[in-house]
Every structure is written in structure tokens, then in C-alpha cells.
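Worksheet: one structure, shown below.
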Amino acid sequence: MIGKSRKYCAPRRLSYPLWLMDLLVDIYAQFFYKRRARPKVESPRFLILMSGHLGDALTMSYLFPLIQKTYPECSIDVVVGDWCDPILVNNPCIRRIIHLNHATTNRRNISKIAKWRDHIRTTRTAIKSLKNETYSVFIDLRFSDSPFLFLLPFLQVQKAVGFGTRGLGGLLDEEFFLPDREFHHLELLLDVLGAVGVKATLADINPYFNFPEKASQTLAQKLPFLNQAQPYILLCPESGAASRFLPNDFWIELAGKVLHQQQGLLIGCGQQNQTKELLQQIKMAYPTYEERVYDAVAQLNLNELAALSQKAAIAFTLESLPAHLCSIYCPTVSFFYNGTGLQFFPLSNFPILIFHNHVFSKNLSIERPGFLSQYVEAFDEEVIARAMDWVQTLNLSHH
């Protein structure tokens, strides 16, 4: 419908320009685009698009087995930024990966002009790669910003579904918007899959990550002490946004409790110099335990971190990719400081405890075995004590 009412996921200063753009897009869609000849596809072929980052790519991949269960003969191609390759290149569910580096989700340390040049270049390459393909289903899973709906006029698809929350929704055959309540992002994406016949709930999702066996071998070369019979505790104090970092004093206090109450090595993981500095501060604060603190910062790739998680007794993380990745392989305590709360709570295969200060998720949780979330107003000694009390109930052992 031309000029339909839409709930944009955007500040007011952008909502009116989006409405004006959508007015024109609706006219184009009604009189031209939606009258296009729909291609015939013999077996189900899915094109799934996501302009987000590593964590988004990981949780998006949880949906692939659900699609294959409903459509056993289907093929799945994905359009993502090339920074998602570490998550997706070894995934057996994917037939093809097509790169499109959206300028507004590109976190590389380059100028805005360089990001838009890369955006234009990869858009042209993606269109050239896809123009001779035919798909039964197009699904754009990005609901907050930066969707790839602008590709639709250049593709051959039978049905397109996704979110109209950032414009261009008139091109979709079925357009979704955000509910007027707190939600888990995978719950929302499952609603979208329901529009193409994939019926599932959060309880049906089995988190996984495929990494090559070679990662275990290179991990053993980098961290030769892993063959020793002792537990390993992971400390992952980094997040994708600096506003979600906790102060070093918090991590130093937590590390002291962990080293005092648990056996084995505390392995610090991450990519930033400030994490290296944090580990040095931990060693200085607890000289008795200095030999039990190991700095693995900037040493491990994503596959090796997953292999290390398999061997860990427990992981302590921020709201970030490691929270999702580690909880696939070991018990996890995750601190959601200034985060989105319920929306990105990790789905895990092991017990997980989340502390968060997202007031709108205060009384919300996920109905999954071993999942526990607690709302806190401050990340302090009391939170650390509660975390360690929970850890004591786990009877930890490395595996």
C-alpha cells in the first residue's frame, strides 16, 4: 500500500526522510517492481542477508539447520560483510558467501569516504555475482539499521521478506516491524522465517560453530601448556563498543576471587592493548598467583578461541561475541553493562549466568535449561560475590 504507516527503528530526525523515501518506493513497487515476472526455481534456494558483525553472523547461523530441517533439499547463500568470514567460511550449511561491506556497519579503522567507496565497490561486485542467480526466498535479517533491501531490484526472487524498519519495505512481499515490547532478536527472526514456512521457537535452536580441526593443533602450538591436567578459566573483557567495557578495578577484583577459589590457569583473551595492561595489573595485584595468569591477547584467532573454549572450565565475558561463542562450549558468566538486555542474551549449551543493567529487561528471561539472568544497578563487589556463589554450584571441571 502506498504511504502505509510504518514503525521506523530510527530517531525522529530520520523518520520523516525515511517516510518520504518510502512513499516513492511504494509507488515504484506497486506499479513496477511487484509486477515483475517471478522466476521458477525447481528446489528451494534461500538468499539470506545480514549487514551486522561477527556476533550477528554467529547467531544468524543458528537458523540454517532449522531451514534445512524444513527444506532438506534447499541451498543457502548469504550476503554479509567480508569481516564475517571467520564465522561462516567453515559452515557446511552455506553454499556461497557473497560479500557486501555496508558503510554504516563497517568498523574498520578507515575514513568514512573509504568506507563508502568500499560499500559501492562491493555492492557492484555482489550484484554482478547475483544477477544470474534465481532464488525462491530472499530474507534480510537486519532489523535495526543498514539493511540490504536496495539489492532487490537487481535480483531474481520469488518471495522477499524482511524488515521495513529502516526504509525500502515496499519492495518486500512480507514486511515486518519491531514489536512494542522487549524481545530476543532470534525470536524476532524466527517470526520472519515463519513467513516462508519454517516453524520453530527458541527452544528448537541448538547453538553451534564449525571450526576446522587444525585450530586445535595451532592452539596447542601457541599454548603448549594446554596438555597439562589442569582446568582453564577464560577472561574475555572486551566488547564491540567501548561504552560497554567495565573498569579494570572490577576485573581485578573478579580475577582475585577466581584465582583464590578455583584451581588452574586464568587465560586472558582479546585483541586490545588495554586487555594486556589489565592482565599485567592482575599479576601485580596478586603476585602469589602471578604464574597462574596467562596473557593470550592478540595470539588467538576465532577458531582457536572456540577450541580453547572447549577445554575451558568456565568463561567470564562481556556482552560480545565471546559471550555467544564461549557459552556454546563451556559454562559462562557474562556481564551486560550498558547493553541491550534480553534482545541479545546468549543462547547456550551450558549453564550461563548473565548480569545486566538494562532496566526494560529487569523481569525478563529466556526459557532454556541452565539459563539465569539477574538485573543489577551497579557492577560491584556484590555482583562478583553472586557470580562466584553461582560458580561454586557448578562443580567445575575442564573438558
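Worth saying up front: this structure is predicted, and the values here are computed from it rather than measured.
Under a 3.5 Å cut-off, the side chain of K34 and the backbone N or O of Y28 do not form any donor-acceptor pair. Using modelled atom types, one side-chain atom of D173 and one backbone atom of A160 make a donor-acceptor pair closer than 3.5 Å. Judged by distance alone, with hydrogens and angles left aside, the side-chain atoms of T317 form no donor-acceptor pair with the main-chain N or O of P322 at under 3.5 Å. Proximity of a side-chain donor or acceptor of Q156 to a complementary backbone N or O of R38 within less than 3.5 Å is not detected.
Aromatic pair Y71/F46: ring centres closer than 6.0 Å. A distance below 6.0 Å separates the ring centres of F150 and H119. For an aromatic pair to be called close, the ring centres must be under 6.0 Å apart, and F336 with Y375 fails this. For an aromatic pair to be called close, the ring centres must be under 6.0 Å apart, and Y337 with F355 fails this.
Remark: T125 engages no residue in a side-chain hydrogen bond (donor to acceptor under 3.5 Å, both in side chains) (not counting sequence neighbours). Partners of I127 by side-chain contact (heavy atoms from CB on, under 4.5 Å), not counting sequence neighbours, listed by chain and number: T123, L151, F154. With sequence neighbours excluded, no residue satisfies ring-ring contact (aromatic ring centres under 6.0 Å, His included) with Y135. For E213, the side-chain contact (heavy atoms from CB on, under 4.5 Å) partners two or more places apart in sequence, or in a different chain, are S216, Q217. With sequence neighbours excluded, no residue forms a ring-ring contact (aromatic ring centres under 6.0 Å, His included) with H324. A search for side-chain contact (heavy atoms from CB on, under 4.5 Å) contacts involving T122 returns L100, N101, D118, not counting sequence neighbours. For D82, the salt bridge (Lys or Arg N to Asp or Glu O under 4.0 Å) criterion is met by R108, not counting sequence neighbours. Every residue two or more places apart in sequence or in another chain was checked for a salt bridge (Lys or Arg N to Asp or Glu O under 4.0 Å) with D389, and none qualifies. Residues meeting the ring-ring contact (aromatic ring centres under 6.0 Å, His included) test with H184, sequence neighbours left out: none. Taking R166 as the reference, nothing meets the salt bridge (Lys or Arg N to Asp or Glu O under 4.0 Å) condition, with sequence neighbours excluded.
Counting only residues at least two apart or on different chains, the salt bridge (Lys or Arg N to Asp or Glu O under 4.0 Å) pairs with a member in residues 238-255 are R244-E319. Residues in residues 145-164 take part in these salt bridge (Lys or Arg N to Asp or Glu O under 4.0 Å) pairs, two or more places apart or across chains: R142-D145, K159-E174.
Here the closest non-hydrogen pair linking Y294 and L279 is O-CD1, 4.2 Å.
At a threshold of 4.5 Å between non-hydrogen side-chain atoms, the residues R124 and K128 do not count as touching. Side-chain contact check for T332 versus S348: every heavy-atom pair is 4.5 Å or farther apart. Proximity of V79 to L130: side-chain heavy atoms (C-beta onward) are separated by under 4.5 Å at one or more points.
Ring planes of Y16 and W19: parallel class, angle under 30° (limits at 30 and 60°).
Salt-bridge formation is detected for the pair R96/E133: a Lys NZ or Arg NE/NH1/NH2 atom is positioned less than 4.0 Å from an Asp or Glu carboxylate oxygen.
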Discussion item. I'd like to know whether Y208 forms a side chain to side chain contact (heavy atoms under 4.5 Å, CB included) with C93, so could you lay out the CA-CA distance, the side-chain angles of the two residues, the decisive distance to 0.1 Å, and finally the verdict.
Written reply: CA-CA 12 Å; Y208 72 99; C93 300; 4.0 Å; yes

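Remark: R36 qualifies as a cation-pi partner of Y33 under the 6.0 Å distance and 45° angle criteria applied to the six-membered ring.
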